[in-house]
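Labels below follow one simple rule: chain letters A, B, ... track the order of the sequence lines, proteins then strands, and each chain is numbered from 1.
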Amino acid sequence: TQLLEQSPQFLSIQEGENLTVYCNSSSVFSSLQWYRQEPGEGPVLLVTVVTGGEVKKLKRLTFQFGDARKDSSLHITAAQPGDTGLYLCAGARNQGGKLIFGQGTELSVKP
Amino acid sequence: DTEVTQTPKHLVMGMTNKKSLKCEQHMGHRAMYWYKQKAKKPPELMFVYSYEKLSINESVPSRFSPECPNSSLLNLHLHALQPEDSALYLCASSRSSGLLGGNQPQHFGDGTRLSIL
């Protein structure tokens, strides 16, 4: 059973476009983490959101945690080729460090 | 540069071989994790060590045997693997894995790319 639905799974856009990635669940999470992974490397943490309704910005990336702590979104403004990679959301439910990962979004930004 | 170091980066082994994957962190983290990742898919949790004791085993086949010699090191011993075990094996660490451990970020290594012939 997939507890965290991430969409879209694939996204190919032109440089300068905006995009949004969604992670949705019927379960409540104590926190949600977003990672980015490039080929040949491990996932790198972008942000952790903990409070319902929380919004965090990281340069051109805006992360939001839903009020009920069941969903989250990642919005990228004016995407750059360097944003290309696999984006992963991961929810925590206070189960000894165990994270529930979404299916991932493979983003390709073409110059 | 990642703060979690995994060796080797690549490993090719036959189904009858015995090999080990190694992971090291010097951030003082007390929780360490092994994940298996297939191409373009999310990591799948295999094992969690908390304060050097195995706390989670996600029903992993016994041909994978984890070991935590001390708080900085984590090994994964491999024996009699199958071709479907070919994958990227990721190690991660976090400050702890206690009640609120999931809220703490996990730091990943760059993985070992394992190929089973």
Side-chain angles (χ1 to χ4, degrees), chain A residues 2-12 21 23 27-52 54 56 58 63 65 69 84-108, chain B residues 1-7 9-10 21 23 25 27 29-51 53-59 87-113:
Chain A
Q2 181 58 260
L3 296 180
L4 197 51
E5 297 289 335
Q6 185 173 345
S7 64
Q9 284 191 261
F10 301 95
L11 194 53
S12 181
V21 178
C23 275
S27 304
V28 175
F29 292 102
S30 60
S31 72
L32 202 134
Q33 301 173 17
W34 284 91
Y35 292 85
R36 176 167 161 261
Q37 185 176 19
E38 295 189 59
E41 298 181 7
V44 175
L45 180 75
L46 296 173
V47 78
T48 300
V49 285
V50 179
T51 306
E54 184 175 6
K56 282 191 174 179
L58 186 66
F63 304 85
F65 202 13
R69 291 186 290 133
T84 294
L86 178 66
Y87 288 80
L88 296 159
C89 61
R93 299 181 66 196
N94 293 334
Q95 292 177 334
K98 189 173 176 178
L99 293 176
I100 308 296
F101 279 90
Q103 299 100 318
T105 296
E106 187 72 29
L107 172 65
S108 175
Chain B
D1 287 339
T2 181
E3 296 175 67
V4 176
T5 304
Q6 289 188 244
T7 56
K9 287 193 178 300
H10 302 274
L21 309 185
C23 175
Q25 58 89 13
M27 295 178 282
H29 289 173
R30 303 313 299 269
M32 297 186 77
Y33 310 78
W34 279 116
Y35 288 88
K36 174 184 177 181
Q37 186 180 29
K38 292 283 198 179
K40 312 288 189 189
K41 298 294 185 184
E44 300 170 32
L45 183 66
M46 300 174 72
F47 303 103
V48 179
Y49 271 83
S50 178
Y51 291 87
K53 294 196 184 310
L54 184 65
S55 58
I56 296 178
N57 176 343
E58 290 287 278
S59 302
L88 181 68
Y89 287 84
L90 292 163
C91 173
S93 70
S94 64
R95 193 169 296 174
S96 73
S97 66
L99 186 61
L100 299 178
N103 291 352
Q104 295 171 6
Q106 292 187 16
H107 297 252
F108 285 84
D110 286 337
T112 294
R113 175 75 59 192

Novice: If we define contacts as heavy-atom pairs under 4.5 Å, which of B/Pro43, B/Gly111, B/Cys91 has the most with chain A?
Specialist: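 The answer is B/Pro43.
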Novice: Hey, could you give me the OG/CG distance between B/Ser94 and A/Leu45, rounded to the nearest 0.5 Å?
Specialist: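 Result: 11.5 Å between the selected atoms.
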Novice: Distance alone, cut at 3.5 Å: any donor-acceptor contact between the side chains of A/Gln33 and B/Gln106?
Specialist: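 Not at all, the side chains of A/Gln33 and B/Gln106 share no donor-acceptor pair under 3.5 Å.
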Novice: Heavy-atom count check: over 12 atoms from other residues, nucleotides or ligands less than 6.0 Å from B/Lys40 NZ?
Specialist: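 At most 12 heavy atoms, drawn from other residues, nucleotides or ligands, come within 6.0 Å of this atom.
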Novice: Compare every heavy atom of B/Phe108 with every heavy atom of A/Pro43, then report the nearest pair and how far apart it is.
Specialist: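 Taking A/Pro43 first and B/Phe108 second, the nearest heavy atoms are O-CB, 3.4 Å.
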Novice: Contact part of A/Tyr35 toward chain B, heavy-atom cut-off under 4.5 Å: side chain, backbone, both or neither?
Specialist: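 Contact with chain B involves the side chain of A/Tyr35 alone.
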Novice: Closest heavy-atom contact between B/Ile56 and A/Lys98?
Specialist: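 Looks like CD1-CB, 4.3 Å.
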Novice: Heavy-atom distances under 4.5 Å only: say whether A/Glu106 touches chain B with side chain, backbone, both or neither.
Specialist: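 Only the side chain of A/Glu106 comes within 4.5 Å of chain B.
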Novice: Kindly give the heavy-atom pair with the smallest separation between A/Gly42 and B/Leu90, and that separation in Å.
Specialist: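 Answer, listing the atom of A/Gly42 first, then B/Leu90: CA-CD2, 3.9 Å.
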Novice: Of all the heavy-atom pairs spanning A/Gln37 and B/Leu88, show the shortest one and how long it is.
Specialist: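 Scanning both residues, the minimum pair turns out to be NE2-CD2, 4.1 Å.
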Novice: Go through the atoms of B/Glu44 and report whether side chain, backbone, both or neither lie under 4.5 Å from a heavy atom of chain A.
Specialist: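 For B/Glu44, neither part sits under 4.5 Å from chain A.
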Novice: Using a 6.0 Å cut-off, check whether atom NZ of B/Lys41 has over 12 heavy atoms from anything other than its own residue.
Specialist: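 No - once you tally the heavy atoms of other residues, nucleotides and ligands closer than 6.0 Å, there are 12 at most.
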Novice: Where on A/Gln6 is there a heavy atom nearer than 4.5 Å to chain B: the side chain, the backbone, both, or neither?
Specialist: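 Contact with chain B involves no heavy atom of A/Gln6 at all.
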